[in-house]
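Reviewing the structure listed below.
The chain is numbered in sequence order, starting from 1.
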Amino acid sequence: MKKATIKDIAKAANVSIATVSYILNDVKTQSISDETRVKVLKIAQQLQYVTNRSARSLKLQKTGLIGILLFKDLQPHRWSELKYVKTLYRIERLCGQLGYHTIFMQIEGDAPSYDMIRERNLDGVFLMNVDQERFATISRYFGFGIPVFAIDSHIEDTIFHKVLPDFAAGFRSAREKLGEEPHFLVMDGYNDSQLVGQIKRLSGMDEERIHVYEGPEGLNAFLAKYPGCPGIVVNEFLAGEAVRTHDRIVAVCTSDCPEMLAERIAKVTFDLSDYKRIVDMMDRNIHDADHSSPEKFLYLPVIS
């Protein structure tokens, strides 16, 4: 396979060769729009462009820093600050075992500050619960070859890795535990509307039988339509709310906290130990900045 050149990138991006060179070498003296920079960097990754090795060794000075950016729920609930605690702990510990230091930042609101990214040269980034719009904004701050893994987001961009629970397998397991077809689905909201839509599709249920949680009143009104009927609830914190009035459910535990529910409640859990594979992949990407893996969706397997 012929190696991509700067000329190939320039042609695909419809810009000059000089512009591509300025962007790939991060020349600060040239006035180039963020939109053009993002387009060129993405095309360079898509074409698996390999930089000159001596120049690359000067440009890609490793800092040993990995950023973990958690985007707070745009519609927060009582458990919003708890549902990613175990995932954060697991990623931080695994990164530490590989010799990295992690920098954690919570992103708030629809006009967040990205100063941490501007001020630090991160080797890699985990984005948690990011929506499409803010992803498009924040991705322009990541340099060429910086691996980005988005957790709980079904973003359109094919360059970046997406880490998700295997909801298809989770729903199959939930149906097996129920022993019959569920009548309804209650699910926690995610910032990424595309992920919400994907979960709905994977459930196989009609829209009117699906409730996306916004508050206890709406939840209770929805469950009142299905007295004594079996159903599925995505997220164990939300299941804890549902079982107050309706206990014929299977909880699909997306926060790795099944112990918070009574033993009588059937549960489906995912294997967070699989994050070792994901952090190892991040590490490989960091040490080979031009590496491009075809595996863009990484699914956490069901373990029960």
Side-chain angles (χ1 to χ4, degrees), residues 73-87 129 131 151-154 162-272 274 297 299-304:
D73 284 341
L74 294 173
Q75 294 185 333
H77 309 306
R78 290 189 299 108
W79 57 84
S80 291
E81 295 182 351
L82 300 174
K83 62 184 182 181
Y84 287 108
V85 169
K86 285 195 174 182
T87 300
N129 198 28
D131 54 281
I151 297 171
D152 281 357
S153 296
H154 202 277
K162 277 79 73 171
V163 182
L164 300 163
D166 189 343
F167 284 109
F171 286 136
R172 288 195 297 270
S173 180
R175 283 177 163 84
E176 292 173 2
K177 289 177 182 289
L178 281 174
E180 57 184 309
E181 191 64 20
H183 288 217
F184 64 86
L185 169 68
V186 173
M187 60 175 290
D188 193 17
Y190 293 88
N191 285 338
D192 182 21
S193 60
Q194 292 184 74
L195 177 57
V196 172
Q198 180 71 359
I199 294 171
K200 288 180 177 180
R201 288 189 290 273
L202 291 172
S203 75
M205 297 189 202
D206 298 330
E207 186 74 29
E208 61 268 17
R209 293 197 290 144
I210 301 174
H211 176 75
V212 180
Y213 183 81
E214 294 183 351
E217 291 184 1
L219 173 64
N220 292 335
F222 176 79
L223 291 175
K225 301 176 185 178
Y226 301 95
C229 297
I232 299 173
V233 180
V234 174
N235 185 268
E236 53 269 50
F237 292 102
L238 179 53
E241 294 281 311
V243 296
R244 296 179 180 182
T245 59
H246 198 109
D247 62 1
R248 286 199 66 194
I249 65 166
V250 172
V252 177
C253 301
T254 53
S255 296
D256 199 41
C257 297
E259 66 279 358
M260 67 164 291
L261 296 172
E263 290 187 9
R264 61 186 172 81
I265 304 299
K267 308 166 189 69
V268 174
T269 58
F270 299 95
D271 189 2
L272 257 66
D274 204 52
F297 284 92
Y299 296 104
L300 299 176
V302 170
I303 56 176
S304 66

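- For Lys83 and Tyr190, the positive end sits near the middle of the six-membered ring, less than 6.0 Å away and at most 45° from its axis.
- By the neighbour-count criterion of 12 heavy atoms within 6.0 Å, atom CD of Glu217 is sparsely surrounded, having that number or fewer from other residues, nucleotides or ligands.
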Inset, instruction - Applying side chain to side chain contact (heavy atoms under 4.5 Å, CB included), run through Asp192 and Asp152 and close with a yes or a no. - result: CA-CA 8 Å; Asp192 182 21; Asp152 281 357; over 6 Å; no

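- Distance alone, capped at 3.5 Å, is enough to place a donor-acceptor pair between the Asn191 side chain and the Leu74 backbone.
- Between Cys253 and Thr269 there is a side-chain heavy-atom pair separated by less than 4.5 Å.
- Atom CG of Asp131 sits about 11.5 Å away from atom CG of Leu195, to the nearest 0.5 Å.
- Using a 3.5 Å distance cut-off with no hydrogens or angles, the side chains of Ser255 and Asn235 do pair a donor with an acceptor.
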Inset, instruction - Report the C-alpha separation of Arg248 and Glu180 in whole Å, then their side-chain angles, then the decisive distance to 0.1 Å, and conclude whether the salt bridge (charged side-chain N to carboxylate O under 4.0 Å, His left out) test is met. - result: CA-CA 11 Å; Arg248 286 199 66 194; Glu180 57 184 309; 2.5 Å; yes

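- Taking CG of Leu164 as the reference point, atom CG of Leu300 lies at 8.0 Å (rounded to 0.5 Å).
- Smallest separation of non-hydrogen atoms from Ala251 and Ile265: CB-CG2, 4.5 Å.
- Rounded to the nearest 0.5 angstrom, Met205 CE and Phe184 CZ are separated by 8.0 Å.
- At least one side-chain heavy atom of Leu219 sits under 4.5 Å from a side-chain heavy atom of Leu238.
- Ring pair Tyr213/Trp79 is tilted by interplanar angle, where 30° to 60° counts as tilted.
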Legend entry - Test log, rule side chain to side chain contact (heavy atoms under 4.5 Å, CB included), inputs Ser203 and Ile232: CA-CA 9 Å; Ser203 75; Ile232 299 173; over 6 Å; no

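- The line from CG of Leu261 to CG of Asp247 is 11.5 Å long, rounded to the nearest 0.5 Å.
- Aromatic pair His246/Tyr226: centroids not less than 6.0 angstrom apart.
- For the atom pair CG of Leu178 and OG of Ser173, the computed distance is 9.5 Å after rounding to the nearest 0.5 Å.
- Taking the side chain as every heavy atom from C-beta outward, Glu236 and Lys267 never approach each other to under 4.5 Å.
- Glu263 CD: 12 or fewer foreign heavy atoms inside a 6.0 Å radius.
- Not one N or O on the side chain of Lys177 forms a donor-acceptor pair closer than 3.5 Å with the backbone of Ala266.
- The heavy-atom pair separating Ala242 from Val233 by the smallest distance is CB-CG2, 4.2 Å.
- Between the side chain of Arg209 and the main chain of Pro182, a donor-acceptor pair closer than 3.5 Å is present.
- A salt bridge links Glu259 with Lys86; the closest basic N to acidic carboxylate O contact falls under 4.0 Å.
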Inset, instruction - Would you please test Glu207 and Lys200 for side chain to side chain contact (heavy atoms under 4.5 Å, CB included) and show each step? - result: CA-CA 8 Å; Glu207 186 74 29; Lys200 288 180 177 180; 2.7 Å; yes

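- Heavy-atom minimum distance, Asp73 versus Pro76: O-CD, 3.5 Å.
- Few gaps surround CD on Gln194; more than 12 heavy atoms of other groups in view lie less than 6.0 Å from it.
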Inset, instruction - Decide yes or no on side chain to side chain contact (heavy atoms under 4.5 Å, CB included) for Asp188 and Thr254, but give the supporting numbers first. - result: CA-CA 10 Å; Asp188 193 17; Thr254 53; over 6 Å; no

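- Tyr299 and Asp274 get closest at one heavy-atom pair: O-OD2, 3.8 Å.
- Panel note: side chain Ser80, backbone His77; a donor-acceptor pair is recorded below 3.5 Å.
- Using a 4.5 Å heavy-atom threshold, the side chains of Thr87 and Asp256 count as separate.
- For the atom pair Phe171 CZ and Leu202 CG, the distance stands at 6.5 Å (nearest 0.5 Å).
- Side chains of Phe270 and Ile303 form no contact here, defined as non-hydrogen atoms less than 4.5 Å apart.
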